[in-house]
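Worksheet: one structure, shown below.
Each chain gets a letter, A, B and so on, in the order its sequence line appears, and its residues count up from 1. All values derive from a computational prediction rather than experimental measurement. FYI, side chains are in, hydrogens and waters are out, and symmetry mates aren't considered; it's all heavy atoms of this structure.
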Amino acid sequence: MDSAEFHTAVYHVVRQIPPQKVTSYSHIAKLIGMPRHARHVGQALKFLSLDVTPPVPWHRVISAAGTISSRGPGTTGAQRQREALEAEGIEVTDGRTGDFRVNLATWGWFPALGTVSTGGHEAPVNDTSSQ
DNA sequence: TGCCTGACGACCC
DNA sequence: CGGGTCGCCAGGC
């Protein structure tokens, strides 16, 4: 899988996150079969053009700790993400150090591997013998 | 080739 | 919860 395919797979999975739900970079990475590439999921979203169709709900992807990742001092990306989440009804709280947090127990969406389409030709996990 | 850098994460205390 | 450390891996330079 090259870089372009990786980005495509990321967008495909992100589009399946239900409204009023959030998931993590690492879970996206696991779903597309590359569990150690959480950081690269972030890169894929960073390079996402906002006017792609169908739209990619990038704001529903946060860190596994439930915090909205900062884009660096002086940037407003995290703030815009917070507003996008609240606009669809997700509760965002303020952390002590000024970070934004989402309660994953309430808003988290972490489907098991094989239950989500990755958009590629990867065979879905269908291990009926062990279930 | 080597070192630094991230929209990250698991651990530890 | 919060702060610090270390591991990961593709890109940039």
Side-chain angles (χ1 to χ4, degrees):
Chain A
M1 171 182 287
D2 64 23
S3 168
E5 293 175 320
F6 178 81
H7 285 213
T8 299
V10 169
Y11 302 154
H12 188 85
V13 173
V14 172
R15 280 197 258 254
Q16 296 173 71
I17 304 173
Q20 301 200 332
K21 284 294 174 182
V22 296
T23 192
S24 69
Y25 299 98
S26 68
H27 200 73
I28 296 293
K30 289 174 186 169
L31 291 177
I32 64 178
M34 301 189 76
R36 319 247 164 157
H37 290 59
R39 309 185 83 127
H40 305 286
V41 171
Q43 286 299 303
L45 295 183
K46 179 179 182 180
F47 293 118
L48 170 69
S49 59
L50 299 173
D51 42 337
V52 292
T53 52
V56 176
W58 56 273
H59 57 286
R60 296 182 190 142
V61 184
I62 64 178
S63 78
T67 60
I68 295 178
S69 302
S70 168
R71 270 55 154 196
T75 60
T76 58
Q79 178 63 49
R80 287 191 299 111
Q81 183 167 4
R82 175 190 189 148
E83 292 166 0
L85 289 172
E86 294 183 323
E88 63 176 55
I90 294 174
E91 294 173 32
V92 180
T93 59
D94 295 277
R96 294 197 80 182
T97 53
D99 54 334
F100 308 137
R101 318 181 68 94
V102 174
N103 187 323
L104 295 181
T106 302
W107 312 101
W109 180 76
F110 300 99
L113 276 66
T115 62
V116 173
S117 162
T118 61
H121 1 57
E122 299 102 285
V125 176
N126 186 25
D127 190 346
T128 53
S129 62
S130 66
Q131 289 299 318

Spacing between A:Tyr25 atom OH and C:dG7 atom P, to the nearest angstrom: 24 Å

Result of checking A:Gln20, A:Lys21, A:His59 against A:Glu88 for side chain to side chain donor-acceptor pair (under 3.5 Å): A:His59

Ring-plane angle category for A:His7 and A:Tyr11, please: parallel below 30°, perpendicular beyond 60°, tilted otherwise. perpendicular

Whole-Å gap separating P (B:dA7) and CG (A:Leu48): 15 Å

Do A:Trp107 and A:Ile62 come within less than 4.5 Å of each other through their side chains, counting heavy atoms only? no

Separation of B:dG6 atom P from A:His37 atom NE2, nearest Å, is 19 Å

If you check every side-chain atom of A:Arg96, which of C:dG2, B:dG6, B:dG9 has the closest atom? C:dG2

For A:Glu91, I'd like to know if atom CD has over 12 heavy atoms of other residues, nucleotides or ligands within 6.0 Å. no

Out of C:dG11, B:dG9, B:dC8, which has the shortest distance to the side chain of A:Ala64? B:dG9

Whole angstroms only, please: what is the CZ-P distance between A:Arg39 and B:dA10? 13 Å

Using a cut-off of strictly less than 4.0 Å, decide whether A:Ser26 has a side-chain nitrogen or oxygen near OP1 or OP2 of B:dC8. no

OP1 or OP2 of B:dA7 versus the side-chain N and O atoms of A:Ser63: is any pair under 4.0 Å? no

May I ask you to say what A:Arg36 touches in the nucleic acid, namely base, sugar-phosphate or nothing, with a heavy-atom cut-off under 4.0 Å? sugar-phosphate

With side chains defined as the heavy atoms from C-beta onward, is the minimum distance between A:Thr23 and A:Leu31 less than 4.5 Å? no

Out of B:dG6, C:dG11, B:dC8, which has the shortest distance to the side chain of A:Ser69? B:dC8

Give the rounded distance in Å between these two atoms: CE of A:Met34 and P of C:dC8. 15 Å

Length of the line joining A:Lys30:NZ and C:dC8:P, which is rounded to integer Å: 16 Å

Please tell me which of the listed nucleotides, B:dG9, C:dA10, B:dA7, lies nearest to the side chain of A:Lys46? B:dA7

Separation of C:dG12 P from A:His40 NE2 (nearest whole Å): 12 Å

Among the nucleotides B:dG6, B:dA7, C:dC1, whichever has the atom closest to the side chain of A:Arg101 is C:dC1

Closest of B:dA7, C:dG11, B:dG9 to the A:Leu45 side chain is B:dA7

What is the distance from CG of A:Asp99 to P of B:dC8, rounded to the nearest Å? 13 Å

